[in-house]
Visitor: 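Below is one structure. I have some questions about it.
Keep in mind it's a predicted model, so treat the numbers as computed, not measured.
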Amino acid sequence: MKQTKSYFTLAFLLAPTTLFLGIFFVGPLLIMAIYSLLEPGLYGGVEWAFYHWNYGRIFGWADGFYEEFDFVYLEIFGRSIGLALMTVLGTLIICYPAAFWVSTLSPKRKALCMFLITLPFFASMVVRLYAWVLILRDSGFLNQFLMSTGLLSEPLHIMFSSSAVIIGMVYIFIPFMFLPIYTNVEKIDKGLIKASQDLGATHLQTFLTVILPITLPGVIAGSILVFIPSLGNFVVPDLLGGAKVLMIGNMIEQQFLYARNWPFGAALSMMIILFMLIVLAWYLRKAKNSAIAL
């Protein structure tokens, strides 16, 4: 009786959150999944008729009459994965040593650094990206500085390129990589490092056998947190990449807002969601195997 009462109490406490997620999270996903299997309307919207050629247009089994297979969609998806992976690598290169440096500071300085890392969240992402436009454009601060010092005779053409997109996304997603890594760096027992050195291990051996295994969960978690939003990002490519760097997020935006082909945009969205679920399933399986091994 007491156990049944506790179940009712738990259900009552979880009901508001469950209802909220069901309406505003699961509901839109179901609508997207349904729209991806419907026929696009002639002037936008959808026709309530089963139409699987939306996926055929992406993967190659289009009907050849109304929907033609175009390899460009897979190319854009591959480019998006590549740029997302480069963003992960860039944030990792910056955040991994920075996390170790911050961990050596005094408590007050640690708190200051954590505040500075999270400070960009208090400003609009669009405003911050426009600041990078002023820095990276041909007449921007970076080119003016390099040309005034004599390092360059003509400006670097960074704007509206993959490099500009990667720089912008690395800047945006640094906190997502830093915080998980820093949390795991703080868990490192300095005695383990000292014991490894006393046993004759080199700095590289100590890093590979002691430091890396402890910080690896944070690296993986940070990589997932950076990779997933990078893959579907469309604001950074719009502002810093222009028409030259088209990612899958921009393609979805165009299908919904300009082409008004909602079913095809929904199919592209479902493809991203499926890919992200595969990545998350892989991560959870790895985490479970690591926990079992421990």
Visitor: Mind checking whether I172 and S230 have side chains closer than 4.5 Å, heavy atoms only?
Guide: no
Visitor: Tell me whether the count of non-hydrogen atoms from other residues, nucleotides or ligands lying under 6.0 Å of NZ in K190 goes above 12.
Guide: yes
Visitor: Taking atom OG of S162 and atom CG of L240, what is their separation to the nearest 0.5 Å?
Guide: 11.5 Å
Visitor: Quick check: closest heavy atoms across L192 and V210, and the distance to 0.1 Å?
Guide: CB-CG1, 3.9 Å
Visitor: If you round to the nearest 0.5 Å, how far is CG of L37 from CH2 of W48?
Guide: 11.0 Å
Visitor: Using side-chain contact (heavy atoms from CB on, under 4.5 Å), reason through M169 and V226 one step at a time and then give a plain yes or no.
Guide: CA-CA 9 Å; M169 290 203 296; V226 171; over 6 Å; no
Visitor: Heavy atoms only: give me the nearest I272-G232 pair and the separation to one decimal.
Guide: CD1-CA, 4.4 Å
Visitor: Tell me every residue that passes salt bridge (Lys or Arg N to Asp or Glu O under 4.0 Å) with R57, counting only those two or more places apart in sequence or in another chain.
Guide: E67
Visitor: Could you go through F50 and L38, starting from their C-alpha distance and side-chain angles, then the distance that decides it, and tell me whether this counts as side-chain contact (heavy atoms from CB on, under 4.5 Å)?
Guide: CA-CA 5 Å; F50 179 70; L38 296 178; 6.0 Å; no
Visitor: Under the rule for side-chain contact (heavy atoms from CB on, under 4.5 Å), what residues qualify as partners of L112, not counting sequence neighbours?
Guide: L116
Visitor: State plainly whether one hydrophobic cluster holds both L179 and I220, where clusters connect Ile, Leu, Val, Met, Phe, Trp and Tyr through side-chain heavy atoms under 4.5 angstrom apart.
Guide: no
Visitor: Can you give each donor-acceptor pair under 3.5 Å made by side-chain atoms of residues 16-28, sequence neighbours left out, with the distance rounded to 0.1 Å?
Guide:
unit_1 : atom_1 : unit_2 : atom_2 : d
T18    : OG1    : L14    : O      : 2.7

Visitor: Side-chain heavy atoms nearer than 4.5 Å, only ILVMFWY residues, links allowed to pass through others: does that put F173 and I135 together?
Guide: yes
Visitor: Is there a donor-acceptor pair closer than 3.5 Å between any side-chain N or O of N184 and the backbone N or O of I181?
Guide: no
Visitor: Identify, with sequence neighbours excluded, every residue that meets salt bridge (Lys or Arg N to Asp or Glu O under 4.0 Å) alongside K187.
Guide: none
Visitor: Could you tell me which residues satisfy side-chain contact (heavy atoms from CB on, under 4.5 Å) with L225, sequence neighbours excluded, listed by chain and number?
Guide: F176, P180
Visitor: For the residue pair P155 and M147, establish whether any side-chain heavy-atom pair is separated by less than 4.5 Å.
Guide: yes
Visitor: Cut-off 3.5 Å, no hydrogens considered: what does the side-chain donor-acceptor table look like for residues 253-266, sequence neighbours left out?
Guide:
unit_1 : atom_1 : unit_2 : atom_2 : d
R260   : NE     : Y43    : O      : 3.4
N261   : OD1    : F264   : N      : 3.3
W262   : NE1    : F256   : O      : 3.3

Visitor: Of all the heavy-atom pairs spanning L208 and P213, show the shortest one and how long it is.
Guide: O-CD, 3.4 Å
Visitor: May I ask you to test the M114-F178 pair for a side-chain heavy-atom distance under 4.5 Å?
Guide: yes
Visitor: Could you list the cluster mates of L274? Members are the ILVMFWY residues connected by side-chain heavy atoms closer than 4.5 Å, either directly or through other members.
Guide: I278
Visitor: Spell out, yes or no, whether L42 and W53 are grouped together once hydrophobic residues are joined by side-chain heavy atoms under 4.5 Å, including indirect joins.
Guide: no
Visitor: Could you give all pairs that pass the side-chain hydrogen bond (donor to acceptor under 3.5 Å, both in side chains) test and reach residues 114-140, with sequence neighbours left out?
Guide: D138-H157
Visitor: So which heavy atom on V219 is nearest to which on M177, and how close?
Guide: O-SD, 4.3 Å
Visitor: Identify the heavy atoms of V126 and V235 that sit nearest to each other, and give their distance.
Guide: CG2-CG1, 4.3 Å
Visitor: If you look at every heavy atom in C113 and L105, which pair is closest and at what distance?
Guide: SG-CD1, 3.6 Å
Visitor: Indicate every side-chain donor-acceptor pair of residues 92-103 with a distance under 3.5 Å to a residue at least two apart or in another chain.
Guide:
unit_1 : atom_1 : unit_2 : atom_2 : d
Y96    : OH     : T215   : OG1    : 2.7
S103   : OG     : F100   : O      : 2.6

Visitor: Should V279 and F227 count as side-chain neighbours, where that means a heavy-atom distance under 4.5 Å?
Guide: yes
Visitor: Using a 3.5 Å cut-off and no angle test, enumerate the donor-acceptor pairs between side-chain atoms of residues 76-87 and protein atoms at least two apart in sequence or in another chain.
Guide:
unit_1 : atom_1 : unit_2 : atom_2 : d
R79    : NH1    : L246   : O      : 2.6
S80    : OG     : I76    : O      : 2.8
S80    : OG     : I248   : N      : 2.8
T87    : OG1    : L83    : O      : 2.8

Visitor: How long is the gap from NZ on K244 to OG on S161, to the nearest 0.5 Å?
Guide: 8.0 Å
Visitor: Supply the atom-to-atom distance T206 OG1 to K194 NZ, rounded to the nearest 0.5 angstrom.
Guide: 13.5 Å
Visitor: Rounded to the nearest 0.5 Å, what separation is found between the OG atom of S269 and the CD1 atom of I252?
Guide: 3.5 Å
Visitor: With no hydrogens and no angle check, is any side-chain donor or acceptor of D238 less than 3.5 Å from a backbone partner on N250?
Guide: no
Visitor: Taking the side chain as everything from C-beta on, heavy atoms only, tell me whether I58 gets closer than 4.5 Å to L74.
Guide: yes
Visitor: Between L277 and I31, is there a shared hydrophobic cluster once you connect ILVMFWY residues whose side-chain heavy atoms come closer than 4.5 Å?
Guide: yes
Visitor: Please, which pairs that meet salt bridge (Lys or Arg N to Asp or Glu O under 4.0 Å) have at least one residue in residues 32-49, sequence neighbours excluded?
Guide: none
Visitor: Kindly state each residue pair satisfying side-chain hydrogen bond (donor to acceptor under 3.5 Å, both in side chains) with at least one member in residues 22-37, sequence neighbours excluded.
Guide: S36-Y55
Visitor: Report the C-alpha separation of F275 and M270 in whole Å, then their side-chain angles, then the decisive distance to 0.1 Å, and conclude whether the side-chain contact (heavy atoms from CB on, under 4.5 Å) test is met.
Guide: CA-CA 8 Å; F275 184 79; M270 295 308 297; over 6 Å; no
Visitor: Give, for atom CG of L212 and atom CG of L204, the distance between the pair rounded to the nearest 0.5 Å.
Guide: 10.0 Å
Visitor: Give a yes or no on whether V72 and L231 share a hydrophobic cluster (residues Ile, Leu, Val, Met, Phe, Trp, Tyr; joining criterion: side-chain heavy atoms under 4.5 Å apart).
Guide: yes
